[in-house]
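My questions will all concern the structure given below.
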Amino acid sequence: MLNRLLVAVSKGTLRLYKYNLMAQPVAKTSLLPPGRGKKIEIRLIHEHDEITRQFPRPAAAIQARFKLGAKCLVAFKDGQFIGFLWLSLGSYQEDEVRVRYIPLPAGRTAWDFDVYVAPDFRFGLTFPRLWDEANRLLMENNILWSCSRISAFNSGSLGAHARLGSVSLGSAIFFYVSRWQITLASISPYFHLSSHSGSFPEFRLNTQGFGKIPSTPQDKSTTE
Amino acid sequence: MQYLEEVKNVLSDVLSLWERKNSLNENSALLGSLPELDSMAVVNVITALEERFGILVDDDEISAEAFETLGNLTHFVEQKLAG
């Protein structure tokens, strides 16, 4: 809302984004009780899948994500598109602000982004079903942690990720004055000034040495 | 509503509302008003209600409307009990 206010007042020349940088352990057990969520199908799609036309995202952004090697899990209910979740098994070039996130250790830490659930299906089982399949995919790739950035103003998402056992890695503010991006962060490089898209800070998000990966729902609560 | 207090207790236990429980009544808004009640917590609440009342809730019955207010949630439980 603060960003929208700034944009409105400045006619687009001022923008502000504040992100919390998080890491959550890849859960080895289902987030849902046995039998729950079976009516929701989750499918890993490719870039030419027709379903992408129903995504509430610009087509160019979708294609760019696939070209960067991102993976997309899509949720369906009775054949209807109801949500998606994106994963990158390597670094991630942000498409909203100028930044690159580098999850570390490479090969053991991934990046998750843009978890979307259609409005009519929120507060249902779609979110945990998406994460169950995401965790399964990540485990298949020997990934132990997944990092993400969450808007500091999105208390709902922060809360949901907390339930997934997320831990804070730091925070970053991206302030735009026309074409200039000023980055202030609690982690290195702490400060960055960018005047064009080819100039961006890189945040190395290291999960090495983080605590024991929860293997049961009871264990999970100790990391929240 | 016969089971209002019991439903409130289940909700409070699952969401760890502590003394905030005392301010909840039939018309208290839940979804959107209780920050603890997100999509993950909804599943936990449903499971706890199933265990407490011996009811079975189908996936398709989990709706935002049922969680709109404490009264709605209680009414949902009472309908399930009535068979």
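Chain A is the first sequence line, chain B the second, and so forth, proteins listed ahead of strands; every chain is numbered from 1. What you see is a predicted model; the values in this text were computed from it and never measured.
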Exercise. If you count the non-hydrogen atoms of other residues, nucleotides and ligands that lie under 6.0 Å from CD in B:Glu65, is the total more than 12?
Worked result: no
Problem set entry | CG on B:Asp60 to CG on A:Asp78, rounded to 0.5 Å | 7.0 Å
For this session: Would you indicate whether A:Lys39, at its atom NZ, is surrounded by more than 12 heavy atoms from other residues, nucleotides or ligands within a distance under 6.0 Å?
Result: yes
Problem set entry | Listed partners of B:Lys80 passing salt bridge (charged side-chain N to carboxylate O under 4.0 Å, His left out), at least two apart | B:Glu61
Exercise. With only heavy atoms counted, which part of B:Leu37 is less than 4.5 Å from chain A, the side chain, the backbone, both or neither?
Worked result: backbone
Exercise. Of the non-hydrogen atoms in A:Gly124 and B:Ser39, which two are nearest, and what is the gap between them?
Worked result: O-CB, 3.9 Å
Exercise. For B:Lys8, does the NZ atom sit with more than 12 other heavy atoms under 6.0 Å from it, leaving out its own atoms?
Worked result: yes
Problem set entry | Side chain to side chain, A:His161 and B:Asp38, heavy atoms closer than 4.5 Å | no
Exercise. When rounded to the nearest 0.5 angstrom, what distance separates CE in B:Met40 from CG in A:Leu164?
Worked result: 5.0 Å
Problem set entry | Part of A:Lys38 lying under 4.5 Å from any heavy atom of chain B | backbone
Problem set entry | Atom of B:Asp59, atom of A:Gly35 and distance for their closest heavy-atom approach | OD2-O, 4.3 Å
Exercise. Hey, mind stepping through B:Val42 and A:Arg122 against side-chain contact (heavy atoms from CB on, under 4.5 Å) and telling me if it holds?
Worked result: CA-CA 10 Å; B:Val42 163; A:Arg122 288 170 191 171; over 6 Å; no
